[in-house]
Amino acid sequence: MIILSLSSCERDITGLDPAPFPDDPEVFMDEFGEGIQYQAFLNSKYDALEMDAIEYYDGDRSMSFIVPDANDPSGWFAGGALVHPVGRDLTQYDALTFWTKASMPAEVGVFGFGNDNSGTSKYTVEMPDVTVNTLWKKVILPIPLASKLTREGGMFHLAASHVNGHGYKIWVDEVRFEHLGTIAHPRPVINNQTITGEVGDSLTHFSGTRVTMNVAGNDVTVNMSSHYLTFISSNDTIVSVDEEGIIRLVGPGTAVLSAKLGSVDAEGSVTIISKTPPPAPETSAPTPTFASEDVISLFCDEYPNVSIDTWSAEWDAANVEDYTIGSDTLKKYYNLQFAGIEFTSSPIDASDMTHFHLDMWTPNSTSPPALFKIKLVDFGADGVFGGGDDSEHELTFSAGTNPALATESWVRFDIPLSQFTGMTGKNHIAQLIISGNPNIVYIDNILFHK
């Protein structure tokens, strides 16, 4: 008799490094690189991308993007991103390169990388207004600081609109990351700017950051995300910067942020004015009592809410965050100039509704000339902005209107839709835009009702 003695053995995984992310440089070489997907941008022509086996720079296929005419109902521009959902390690490369041409001379709005179409992209790089014509040309986008790109999902993106109303075609081929070894002398720049905030606020991103680099003897400038930069505060008791790059306003006063790209000092600075927070609402707005069947709610704890794409669109000038009073959640807008609330993927049919409702509270003075504006935008039957059948109307409120603006108390806007006279359609409402010079507002109970 043979006796087999089996013992259990567990693999010791302590001390093992995490599995590295792929470092494959190829993005498109006759076909998408491994794992890469194309994702069209919101409001773009979703079927703009085609594979072309007739026009190509090398190999046997290229990507072709159909830029629509000005009034094309399928979308008002061509745009999208090549995305790797896991992410790639790009730390060994110094540039993204590709070849491109067009069916007519044109200016492509932007070529870039680092946009993974998630809305949370950190390390974007973009070259705006790139001139193309009917001959192939190579484009080189330098990487500002490759050490940041340990797990990058945005491999390539573009956005292009019509030329004088006319669409055209763009071809792109041989897209890859490379180590050229001819990129040097980075000169980062921050737009000098002043930002006012409150103690307790945090900042993660600044607009207007770019870098010029020498590429094979020629200067090339690209816009880059401020996440590439390391910021330094002149006074840590007023503004602090942690290891993750999050900038916090920790005390009242003024501090100046300078920055470095790696070891290179950036030109320009950001002045932060940190103020003691103004009052905030201590009680919720009155609870709406409309029957559920008579309501289409965007934001209200009392009713089911429709899907909202964003509470602060990329094109607006405002910050937004949730604010709670007990179990009630409000939307707080600060640094408000204008804020775009979009629900373009699920437009609202308010044709059976009679009123638009919103409650607003502000700590700012509402004495004249303070104004608060509410705009509704209907995208029309084609469901896209700029399609030719859009309509909109904006109403302006002050201390002398009905309802009247008030400081540190809830104002109830219950507005008949008939007052939005310029909005001729109410079947495809896709945007709500608020604006004005109370630069802090709390809003709640945003809904349509009858």
Side-chain angles (χ1 to χ4, degrees), residues 26-33 35-85 95-119 121 124-141 153-177 222-223 314-315 344-345 382-387:
E26 294 186 356
V27 179
F28 179 87
M29 310 288 286
D30 295 334
E31 59 185 18
F32 294 150
I36 289 178
Q37 307 166 357
Y38 175 71
Q39 297 180 5
F41 291 152
L42 186 67
N43 293 328
S44 73
K45 179 177 172 60
Y46 293 149
D47 59 352
L49 174 61
E50 297 178 346
M51 297 298 150
D52 195 324
I54 298 175
E55 290 282 355
Y56 49 83
Y57 177 76
D58 198 6
D60 54 28
R61 288 203 305 176
S62 71
M63 293 184 290
S64 68
F65 294 86
I66 302 171
V67 181
D69 293 334
N71 295 318
D72 192 321
S74 66
W76 61 274
F77 73 104
L82 300 188
V83 174
H84 194 285
L96 173 74
T97 68
F98 57 93
W99 290 82
T100 187
K101 63 179 286 190
S103 59
M104 59 181 283
E107 201 172 70
V108 177
V110 67
F111 284 116
F113 64 88
N115 184 342
D116 63 7
N117 204 31
S118 67
S121 305
T124 54
V125 172
E126 293 186 332
M127 183 179 290
D129 304 327
V130 179
T131 301
V132 294
N133 56 37
T134 57
L135 301 176
W136 286 102
K137 84 175 205 178
K138 187 174 185 178
V139 178
I140 300 174
L141 272 65
M155 299 290 102
F156 171 83
H157 65 269
L158 65 77
S161 61
H162 60 85
V163 176
N164 297 324
H166 300 292
Y168 61 100
K169 184 177 284 190
I170 304 168
W171 289 273
V172 179
D173 200 3
E174 304 296 296
V175 186
R176 71 182 88 189
F177 289 91
V222 292
N223 297 329
E314 289 185 357
W315 44 263
T344 54
S345 60
D382 62 9
V384 297
F385 179 75

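The structure displayed is predicted, hence computed values, not measured ones.
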- request: Show the numbers, then the answer: is there a side chain to side chain contact (heavy atoms under 4.5 Å, CB included) between Met127 and Leu96?
  value: CA-CA 11 Å; Met127 183 179 290; Leu96 173 74; over 6 Å; no
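Between the CZ atom in Phe113 and the CG atom in Leu82 there is a gap of 13.5 Å [rounded to 0.5 Å]. Interatomic distance, CE of Met155 versus CZ of Phe32, reported as 13.0 Å (0.5 Å rounding). Atom NZ of residue Lys101 and atom OH of residue Tyr56 lie 11.5 Å apart, to the nearest 0.5 angstrom. Rounding to the nearest 0.5 Å gives a distance of 4.5 Å between CZ of Phe111 and CZ of Phe98. Expressed to the nearest 0.5 Å, how far CG of Asp30 lies from CG of Asp173 amounts to 6.5 Å. The CG atom of Leu135 sits 11.5 Å away from the OG1 atom of Thr100 when rounded to the nearest 0.5 Å.
Summarising the geometry of Thr124 relative to Gly114, their closest heavy-atom pair is CG2-O, 3.5 Å, with the distance given to 0.1 Å. Closest non-hydrogen pair, Ala102 versus Val132, comes out as CB-CG2, 3.6 Å. Tyr57 and Glu174 make their closest contact through CD2-CG, 4.0 Å (heavy atoms, listed as atom of the first residue, atom of the second, distance). Across all their heavy atoms, Met63 and Leu49 have their closest contact at CB-CD1, 3.7 Å. The minimum heavy-atom distance linking Pro85 with Gly35 is given by the pair CD-O, 3.2 Å. Nearest heavy-atom pair, Met51 versus Phe28, reported as atom, atom and distance to 0.1 Å: SD-CE1, 3.6 Å.
Sorted by first and then second residue, the side-chain hydrogen bond (donor to acceptor under 3.5 Å, both in side chains) pairs with a member in residues 61-80 read Lys45-Ser74, Asp72-Ser74; sequence neighbours excluded.
Within the 3.5 Å criterion, the main-chain N or O of Gly80 finds no donor-acceptor partner in the side chain of Asn117. Side-chain atoms of Asn115 do not come within 3.5 Å of backbone N or O of His157 as any donor-acceptor pair.
Using the six-membered ring where Trp is involved, Phe156 and Phe65 have ring planes that are tilted, between 30° and 60° apart.
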Would you give me the side-chain donor-acceptor pairs under 3.5 Å for residues 164-172, sequence neighbours excluded?
unit_1 : atom_1 : unit_2 : atom_2 : d
Trp171 : NE1    : Asp52  : OD2    : 2.8

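Shown here is Tyr38, whose OH atom has more than 12 heavy atoms of other residues, nucleotides or ligands within 6.0 Å.
Partners of Ser103 according to the side chain to side chain donor-acceptor pair (under 3.5 Å) rule, which considers only residues two or more places apart in sequence or in another chain, do not exist here.
Under the 4.5 Å side-chain criterion, counting only non-hydrogen atoms from C-beta, Val130 is in contact with Lys137.
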